[in-house]
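Structure record follows, encoded as structure tokens.
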Amino acid sequence: MLDRQAQFRLAADVVTAALAEVPEVEAVALIGSVARPLWREVPRFQPFRYWDVPVWHECKDVDLAVWLDRLDRLQTLNRARSVALHQLFKEKQIGVAHHQVEIFILQGEVNAYRGRLCPFSQCPKGKKECLVSGCGQDSFLQQHAGFTFWPDAVAPDRIMHLYDRRHGILRRAAETPAEGQDDHVATG
């Protein structure tokens, strides 16, 4: 799980670098479990549940908060994400699918959530996901039924700022040591 988190952090870095090339992007931050130290938990599957064996939390995807000053070129962001992940696989053989990098679109200093970057190649795609109210109102801005973006998801102590327009790349997620990394190396 620590290795997968490290791979996801590297994916966050390459996608952030690609997004930084898009003029509308004001800032990028890594949010969610990939941004925080992993914790041990007893998973829901057997035999770990039966024997009460804690394992590292499983990161399932990369969550990036991306602040934009306009929403009319989201397809450019979609392409940047896909190209960056393709390069990551080509150069390092680390496979992260484009739909595993969730991009939460925000605007303004009040962190107004607008939706997620749609993973489809066209908008609308004609899938059931496209039928959600407001989905595609801005091309490639996906809405999810019943989803609420919690403001504390971008609280300063829960995120890893990776880029802002004024200062460029602020840090690399892949260079941030994982919690328990020494334990991981010692026990393999």
*Measure the spacing between NZ of Lys128 and SG of Cys135 and express it to the nearest 0.5 Å.*
13.0 Å
*Are Val83 and Val96 connected, step by step, through hydrophobic side chains (Ile, Leu, Val, Met, Phe, Trp, Tyr) whose heavy atoms are closer than 4.5 Å?*
no
_Rounded to the nearest 0.5 Å, what separates atom CD in Glu24 from atom CD in Gln107?_
11.0 Å
_Between Arg81 and Ile103, is there a side-chain heavy-atom distance shorter than 4.5 Å?_
yes
*Mind listing the closest non-hydrogen atom pair of Val132 and Ala145 along with its distance?*
CG1-N, 3.7 Å
*Which residues pass the side-chain contact (heavy atoms from CB on, under 4.5 Å) test with Glu129, sequence neighbours left out?*
Phe120, Lys127, Gln142
*Using the six-membered ring of Phe8, assess whether NZ or CZ of Arg4 lies under 6.0 Å from its centre and within 45 degrees of the ring axis.*
yes
*asked:* So which atom in Gln100 and which in Asp61 form the shortest heavy-atom distance, rounded to 0.1 Å?
replied: O-CB, 3.0 Å
*Close side-chain approach of Leu170 to Asp164, heavy-atom, < 4.5 Å*: yes
*Check the hydrophobic clustering (I, L, V, M, F, W, Y; side-chain heavy atoms under 4.5 Å; chains of links allowed) and say if Leu85 and Phe140 are grouped together.*
yes
*Nearest 0.5 Å please: distance from the CG atom of Leu77 over to the CD atom of Glu21.*
12.5 Å
*Between Val14 and Ala84, what is the shortest heavy-atom contact and its length?*
O-CB, 3.6 Å
*So, are Arg158 and Asp152 salt-bridged, with charged N and O less than 4.0 Å apart?*
yes
_ILVMFWY cluster, Leu88 and Val62 together (side-chain gap under 4.5 Å)_ = yes
_OG1-OH distance between Thr16 and Tyr163, expressed to the nearest 0.5 angstrom_ = 10.5 Å
*asked:* I'd like to check Arg9 versus Met160 (side-chain heavy atoms, cut-off strictly below 4.5 Å). Are they in contact?
replied: yes
*asked:* Counting only heavy atoms not in Gln137 (residues, nucleotides, ligands), do more than 12 fall under 6.0 Å from its CD?
replied: no
*Just how far is it from atom CG of Leu117 to atom CG of Leu74, taken to the nearest 0.5 Å?*
6.0 Å
*If Ile, Leu, Val, Met, Phe, Trp and Tyr residues are connected whenever their side-chain heavy atoms lie under 4.5 Å apart, and connections chain through other members, are Leu64 and Val154 in the same group?*
no
*Answer with yes or no whether the side chains of Asn111 and Trp67 bring together a donor and an acceptor at under 3.5 Å.*
yes
*To the nearest 0.5 Å, what is the distance between SG (Cys123) and CG (Asp138)?*
9.0 Å
*Quick check: are there more than 12 heavy atoms from other residues, nucleotides or ligands sitting under 6.0 Å from CD of Gln93?*
yes
*asked:* So, using side-chain contact (heavy atoms from CB on, under 4.5 Å) as the criterion, who are the partners of Phe147 when residues are at least two apart?
replied: Phe104, Tyr113, Arg116, His144, Phe149
*Residue pair Ser82 / His98: nearest heavy atoms and the distance that separates them*: OG-CB, 3.8 Å
*asked:* When you measure from the side chain of Asn78 to the backbone of Cys118, do you find a donor-acceptor pair of N or O atoms at a distance under 3.5 Å?
replied: yes
*List the atom of His99, the atom of Pro119, and the distance in Å for their closest heavy-atom pair.*
CB-CB, 4.4 Å
*Among Val66, Leu19, Asp13, Val15, whose side-chain contact (heavy atoms from CB on, under 4.5 Å) with Leu162 holds?*
Asp13
*Spell out, yes or no, whether Leu141 and Leu106 are grouped together once hydrophobic residues are joined by side-chain heavy atoms under 4.5 Å, including indirect joins.*
no
*Apply side-chain contact (heavy atoms from CB on, under 4.5 Å) to Leu68 and Arg73, showing your working.*
CA-CA 10 Å; Leu68 300 176; Arg73 292 183 359 123; over 6 Å; no
*Kindly give the heavy-atom pair with the smallest separation between Ala65 and Ile31, and that separation in Å.*
CB-CG2, 4.0 Å
_Is any side-chain heavy atom of Lys92 closer than 4.5 Å to one of Leu10?_
yes
*Donor-acceptor contact below 3.5 Å, side chain Gln143 vs main chain Arg114*: yes
